[in-house]
Amino acid sequence: MLKGRKTIAAISTALGEGAIGVVRVSGSRAFDIAEKVFRDSSGQHQRELKPWGVRYGSIVDCETGEYIDEVLAIAMPAPHSFTREDVVEFSCHGGVAVLTRVLESVVKCGARIADPGEFTRRAFLSGRIDLSQAEAIIDVIRARTDSARRLALGNLRGDLSYRVARIRENVITVLAHIEASIDFPDEDISALTIEDMTKQARESASELDELIRLARSSRVYRDGVAVVLAGRPNVGKSSLFNALVGKNRAIVTDVPGTTRDVIDDWTTIMGVPMRLVDTAGMRKAGDPIERLGVEAASQQAEEADLVVAVIDGSCPICDEDKDMLKKIIDKQGAVAINKCDLRVAVEEDCLKSFTGDKRILRVSAKTGEGIDELEEVLAGLAVAEVTGGGETPVMANLRQLEALENAMNSIREATHALVNSVAPDLTAIDIHEALFWLDQITGRSASDDLMEKIFSEFCIGK
Ligand SMILES: Nc1nc2c(ncn2[C@@H]2O[C@H](COP(=O)(O)OP(=O)(O)OP(=O)(O)O)[C@@H](O)[C@H]2O)c(=O)[nH]1
Ligand SMILES: [Mg+2]
């Protein structure tokens with residue numbers, strides 16, 4: 001199936017200025033093409049690139065012989081390469097013109113420019129990795145924090161695939177016994193009783209349930225959370241925003257209504273990527289520009305994962321504070337009584353009747369007091385479920401989560417059918433359905449359309 005596929009090539013590093021840039025070639029003609037474009041340090045044709053050796057030399061235009069760049073060439077023979085095909089990589093100087101010309105020369109010698117994700121697709125089609133491992137590669141590349149990197153790498157090494165395979169094995173055992181009872185209804189060939197099968201199906205459902213719980217909570221490491229700072233004007237939202245992102249990103253003045261637009265920035269708090277959002281102070285604004293800002297603030301607060309309600313601790317709470325707190329009562333988050341370096345005039349008891357079960361913290365954007373605690377509370381809310389059980393988290397993207405949920409529903413249906421002595425062929429349909437969804441994760445049952453969609457998200461050269 002893999003024979004006869006055209007040799008592909010692409011620039012595998014980000015295009016821009018860099019010390020080095022890599023052009024990768026993969027396929028049955030990779031070595032042949034490399035011989036045509038590569039000259040060793042004495043300018044001679046390189047008949048044979050030594051497998052796994054690094055050779056210093058140059059790339060020439062294979063039609064005109066023009067010298068293009070000074071490179072290092074690495075040859076990786078099949079099947080011990082990323083794609084399991086013959087692969088050659090040229091480490092060139094990392095400039096756009098250089099890399100484009102090297103790629104052009106390789107293409108002139110017979111390679112085709114790779115589609116996005118085509119190298120990874122070949123690694124999948126050759127059986128080197130499964131679909132969840134292929135998807136983990138994007139997650140490793142896109143990881144914004146060390147925790148996200150660790151989780152993505154876990155999936156690349158097979159954490160999710162391993163758990164899915166274990167559940168699949170269990171489900172297949174149940175299916176085999178059900179199918180045996182369909183094929184030979186009068187013979188007592190099933191070593192498993194209905195009770196055994198029900199037990200095994202229940203175990204699979206609860207393993208899936210656990211996996212879904214872990215995967216859902218680990219998503220914060222992958223996608224991060226949006227944290228909105230909300231409050232009436234002049235309470236110190238922008239000052240807190242700057243303190244949390246660690247730079248003077250938003251303008252701070254003592255004029256109420258300074259922030260008019262939504263300002264956001266990414267930061268990492270205790271390993272969790274957070275998109276912090278500073279907003280206009282909420283009040284009944286007369287000025288149309290400010291009014292638009294206030295509307296945007298309300299919308300941001302509504303859409304946020306977490307909201308920090310900011311109160312000015314140096315004044316008693318007012319109607320504008322109460323209106324804001326009412327607006328976000330159902331949101332997860334915390335209340336920050338800011339300016340605690342000044343004399344505190346807020347009555348916490350009175351405040352509590354408007355804050356629901358949110359934690360109330362005293363902070364000062366000016367002195368930094370209480371900021372660590374606020375960060376801890378926000379990170380704790382974001383990863384509450386992950387840290388709860390102490391298990392190793394497993395990461396899943398939306399597609400994988402949906403497949404896990406569908407598999408679990410089908411297994412539950414099957415368990416229900418077993419308990420109620422439903423005809424075995426109907427039970428078998430549910431189990432087949434569960435297997436289909438489990439196989440969607442590893443790619444065993446993935447359609448061409450699905451694969452197209454997944455690999456089109458990759459960058460070219462990966
Ligand atoms: N003493 C003290 N002053 C603070 C603190 N935080 C902010 N301020 C001051 O409060 C004023 C308003 O701060 P901002 O951060 O601009 O307040 P804001 O909530 O963003 O205001 P708007 O953008 O107008 O809604 C400025 O003069 C800040 O220096 C604090 O913790 N302690
Ligand atoms: Mg502001």
Would you call [X] and [Y] a side-chain contact if the rule is heavy atoms closer than 4.5 Å?
X: E320; Y: M282; result: no
X: E135; Y: I454; result: yes
X: M76; Y: W52; result: yes
X: I317; Y: E348; result: no
X: V422; Y: E413; result: no

Can you find a side-chain donor-acceptor pair between T198 and T415 that sits under 3.5 Å?
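Judged by distance alone, the side chains do not pair up.
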
Taking atom types as modelled, is there a side-chain donor on S410 or D430 under 3.5 Å from an acceptor on the other?
no

Checking side-chain hydrogen bond (donor to acceptor under 3.5 Å, both in side chains) for the pair E303/Q299: CA distance, chi angles, key distance, verdict?
CA-CA 6 Å; E303 290 168 3; Q299 192 173 344; 3.1 Å; yes

Using a 6.0 Å distance limit plus a 45 degree cone around the ring axis, check whether R24 lies over the aromatic ring of F119.
yes

Is the cationic atom of K462 (NZ for Lys, CZ for Arg) positioned less than 6.0 Å from the six-membered ring centroid of F82 and within 45 degrees of its normal?
yes

Is [X] reaching over with its side chain to a backbone N or O of [Y], donor-acceptor style, under 3.5 angstrom?
X: E375; Y: M270; answer: no
X: T145; Y: G271; answer: yes
X: R232; Y: K322; answer: no
X: K331; Y: E302; answer: yes
X: T259; Y: A280; answer: no
X: S447; Y: L450; answer: yes

What pairs with F458 under ring pair (Phe, Tyr, Trp, His ring centres under 6.0 Å), at least two apart in sequence or on another chain?
F455

So which heavy atom on T83 is nearest to which on S26, and how close?
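Nearest pair, atom of T83 first, then S26: OG1-OG, 2.9 Å.
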
Non-neighbouring partners of R112 that pass side chain to side chain donor-acceptor pair (under 3.5 Å), sequence neighbours left out:
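Partners of R112 by the side chain to side chain donor-acceptor pair (under 3.5 Å) criterion, ordered by chain and then number, come out as E118.
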
To the nearest 0.5 Å, what is the distance between [atom1] ([X]) and [atom2] ([Y])?
X: R249; Y: F241; atom1: CZ; atom2: CZ; answer: 5.5 Å
X: D139; Y: L156; atom1: CG; atom2: CG; answer: 10.0 Å
X: L378; Y: R359; atom1: CG; atom2: CZ; answer: 10.5 Å

Start with the C-alpha gap between R275 and D264, add the side-chain angles, then the distance that decides, and say whether salt bridge (charged side-chain N to carboxylate O under 4.0 Å, His left out) holds.
CA-CA 7 Å; R275 188 172 70 88; D264 66 348; 2.6 Å; yes

